[in-house]
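The next block holds one structure in the form of structure tokens; read it before the comments.
These numbers were taken from a predicted model, which means no experiment stands behind them. These numbers come from the heavy atoms of this one structure, side chains and all, not from hydrogens, waters or symmetry mates. As the structure lists them, so they are numbered: ligands from 1, and atoms in each ligand from 1.
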Amino acid sequence: MPDSHALPAKQYVIAPPKQAAIAVEGSEAVFPVRRIWCVGRNYADHAREMGHDPDREPPFFFQKPSDAVMPNHSTIPYPPMTKDFQHEIELVVCIGKGGKNIPLEKALDHVYGYAVGLDMTRRDLQTQAKNMGRPWEPGKGFDQSAPVSAIVPAAKCGHPTKGAIWVKVNGAVKQKGDLNQHIWQIDETISFLSQYVSIEPGDIIMMGTPAGVGPVAAGEKVEGHIDGVGDLTVTYVAA
Ligand code: MN
């Protein structure tokens, strides 16, 4: 890919931004984050609850900024400009090897590991954007909107194709599904996305959420789980 950012090393006129990163289970080293891709409507029951026909329309993607990642056990202020802040529990695919036009049968070779993530959403702003034909970033790509658990290397956990995925808010189960409900599988998603953009090490893909999305209030604890991948807990507090 063109290295537009890889200018010869010189002094910066301002301090360069910190590299966003995710912890790796069993390692002192961390996983640097380049881009966060999110798959929309990748569970049929969630597509239906959002008013869409889940019949395998091609996957679509949106992004969050890399510095939206937040570590496990974070305490996070309730975000501004929303009255409907919602949880979406998702499998996170972490890319370790780059490529473009990646064939389906090679796609899983590009995965470094997996984590549990929350695609936190200002639903009112997303709905407004949909209704007005505007971009989703204000609803999806805001500060601290992507809590992610420590990554489990695929060398340890394999490539999950089934297993419970759930989220609790203050101890009550709100979303419950199974990874086998993904409309587009991990390999299909990587292969498809790589036709549109180069995939590079440090990219992560949030695989979409099962039905049951709903609100989170200040003072509430959000706990997510994916069988064989891990657990994620974050607490929201008044800003
Ligand atoms: Mn999502």
So, Glu57 and Arg41, do they make that salt bridge, N to O below 4.0 Å?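 Salt bridge between Glu57 and Arg41, a charged N being under 4.0 Å from a carboxylate O: yes.
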
Mark yes when over 12 heavy atoms from residues, nucleotides or ligands other than Phe60 sit less than 6.0 Å from its CZ; otherwise mark no.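 Atom CZ in Phe60 is packed in, count exceeds 12.
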
Heavy-atom count check: over 12 atoms from other residues, nucleotides or ligands less than 6.0 Å from Lys130 NZ?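 Count over threshold, so yes.
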
Using 2.8 Å as the cut-off, note every protein N, O or S atom close to the Mn ion (ligand 1).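 Atoms qualifying: Glu88 OE1, Glu90 OE2, Asp119 OD2.
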
I need the single residue from Ile76, Val234, Asp143, Leu118 that forms a side-chain contact (heavy atoms from CB on, under 4.5 Å) with Met70. Which is it?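 Of the listed options, the one satisfying the test is Ile76.
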
Residue pairs fulfilling side-chain hydrogen bond (donor to acceptor under 3.5 Å, both in side chains) with at least one residue in residues 228-239, sequence neighbours excluded: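 For residues 228-239: His225-Asp231.
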
Do Tyr114 and Val92 belong to the same hydrophobic cluster, where Ile, Leu, Val, Met, Phe, Trp and Tyr are linked whenever their side-chain heavy atoms lie under 4.5 Å apart, directly or via other members?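 No, Tyr114 does not connect to Val92 through the hydrophobic network.
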
